[in-house]
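Presented below is the structure to which this report refers.
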Amino acid sequence: MTTIDFDATSIEVARALIGTSLFVSGVGGRIVETEAYDESEPASHTFGGQTPRNAVMFGPSGRAYVYRSYGLHWCLNVVCMRAGHGAGVLIRAIEPTRGVAAMRERRGQQELRLLCSGPGRLCQALGVMHAMNGLRFDRPPFRLVPQGVDAMFKVASGARIGISKSQDLPWRFVLAGSAFLSKPMRAG
DNA sequence: TGTATGATCGCCT
DNA sequence: GGCGATCATACAG
């Protein structure tokens, strides 16, 4: 078992989270896709400084930053680095392992591959809501279970998805070959 | 007070 | 591949 140091940079945490299992009230699975964000680049919500919306991202690490996307969906992030520095990791896809029936009911979706393959989808499947903004990941309803020492998989990286700025940064991380990604990783 | 803009998703062609 | 849904946020005036 390994533990994750959330005081590290968002890039380091984004890579370390691949293979880790995330549960919300016992429902969840293995994280297979993440993206790193940092206040130094304009694609991040924290670029330009602290506001009421992004305040959690400037607080202590290891907390949940939950925001609404496109007026419809929730997105879940893990806050990184020291307090005062706005950095975090967007959880983009999970391989469902526990609570699949609850996920199917919440999503109105039977196909396993489409339950958690996207930041909005996984929040709906796991029941993530804005009330969880600022909560610690080492306390209920959250639970993080590190991968076993014998876990064997490769982590691939590439360009982030759905952003219009800093598209050159290879800050998307995936479990190579996973069938549960929001989009396949570009070959190369 | 008004307006433009999304770290998305699902349905349509 | 295109587009509409739907609204909090940020910023301009």
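For clarity, every value in this text was computed on a predicted model and none was experimentally measured.
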Query - Contacting residues from residues 91-108 of chain A, given that a heavy atom lies under 4.0 angstrom of DNA chain B - result: A/Arg92, A/Arg107
Query raised in the report: Quick one: on DNA chain B, does A/Lys165 or A/Gly120 contact a more 5' nucleotide (nearest heavy atom)?
Result: A/Lys165
Query - Contact pattern, 5' to 3', of nucleotides 7-13 of chain C - B, S or - by protein heavy atom under 4.0 Å - result: B-SS---
Query raised in the report: Restricting to pairs with a member in residues 66-77 of chain A, which pass side chain to side chain donor-acceptor pair (under 3.5 Å), not counting sequence neighbours?
Result: none
**Report entry** Listed partners of A/Glu39 passing salt bridge (charged side-chain N to carboxylate O under 4.0 Å, His left out), at least two apart
**Finding:** none
Report task. Determine the contact category for A/Leu90: base if any of its heavy atoms lies under 4.0 Å from a base atom, sugar-phosphate if only primed atoms, P, OP1 or OP2 are that close, otherwise nothing. Result -> base
Query raised in the report: Is A/Met57 linked to A/Met81 within one hydrophobic cluster, defined over Ile, Leu, Val, Met, Phe, Trp and Tyr using a side-chain heavy-atom separation of less than 4.5 Å?
Result: no
Requested in this report: Could you state whether A/Ile91 and A/Val32 fall into the same hydrophobic cluster, counting links through intermediate Ile, Leu, Val, Met, Phe, Trp or Tyr residues with side-chain heavy atoms under 4.5 angstrom apart?
Outcome: yes
Query raised in the report: Below 4.5 Å, heavy atoms only, C-beta onward: do A/Phe47 and A/Lys165 meet side chain to side chain?
Result: no
Query raised in the report: For DNA chain B, what dot-bracket results from Watson-Crick or G-U pairs at under 3.5 Å, with [ ] for crossers and | for inter-strand partners?
Result: ||||||.|||||.
Report task. Could you list by number each residue of residues 168-178 of chain A showing a heavy-atom separation from DNA chain B of less than 4.0 Å, or answer none if no residue does? Result -> none
Please tabulate, one pair per line, all N/O donor-acceptor pairs under 3.5 Å involving side-chain atoms of residues 115-132 of chain A, not counting sequence neighbours.
residue, atom, partner, partner atom, Å
A/Ser117, OG, A/Arg113, O, 3.0
A/Ser117, OG, A/Arg121, NH1, 3.1
A/Arg121, NH1, A/Ser117, O, 3.0
A/Gln124, OE1, A/Arg107, NH1, 2.8
A/Gln124, NE2, A/Arg106, O, 3.3

Query - Test ring-ring contact (aromatic ring centres under 6.0 Å, His included) applied to A/Phe58 - qualifying residues, sequence neighbours left out - result: none
Query raised in the report: Quick one: does A/Leu76's side chain get under 4.5 Å of A/Leu90's, heavy atoms only?
Result: no
Query raised in the report: Going hydrophobic residue to hydrophobic residue with side-chain gaps under 4.5 angstrom, can you get from A/Ile31 over to A/Val78?
Result: yes
Query raised in the report: Between A/Asn54 (side chain) and A/His45 (backbone), is there a donor-acceptor pair under 3.5 Å?
Result: yes
Query - A/Phe6 side chain reached by A/Val79 side chain, heavy atoms, under 4.5 Å - result: no
Requested in this report: Would you mind reporting whether A/Gln147 and A/Phe153 have side-chain heavy atoms less than 4.5 Å apart?
Outcome: yes
Query raised in the report: Just the endpoints, please: which first and last nucleotides of DNA chain B, 5' to 3', lie under 4.0 Å from a heavy atom of chain A?
Result: B/dG6 to B/dG10
Report summary line: Here the side chain to side chain donor-acceptor pair (under 3.5 Å) pairs for residues 154-163 of chain A, sequence neighbours left out, are A/Glu41-A/Arg160
Query raised in the report: Quick one: are A/Arg30 and A/Ile94 in side-chain contact, heavy atoms under 4.5 Å?
Result: no
Query - Qualifying residues under salt bridge (charged side-chain N to carboxylate O under 4.0 Å, His left out), relative to A/Asp138, sequence neighbours excluded - result: A/Arg136
Requested in this report: List in numerical order all residues of residues 27-36 of chain A for which some heavy atom is under 4.0 Å away from an atom belonging to DNA chain B.
Outcome: none
**Report entry** Heavy-atom side-chain contact between A/Trp171 and A/Asp38 under 4.5 Å
**Finding:** yes
**Report entry** Shared hydrophobic cluster for A/Leu135 and A/Val27 (ILVMFWY, side-chain gaps under 4.5 Å)
**Finding:** yes
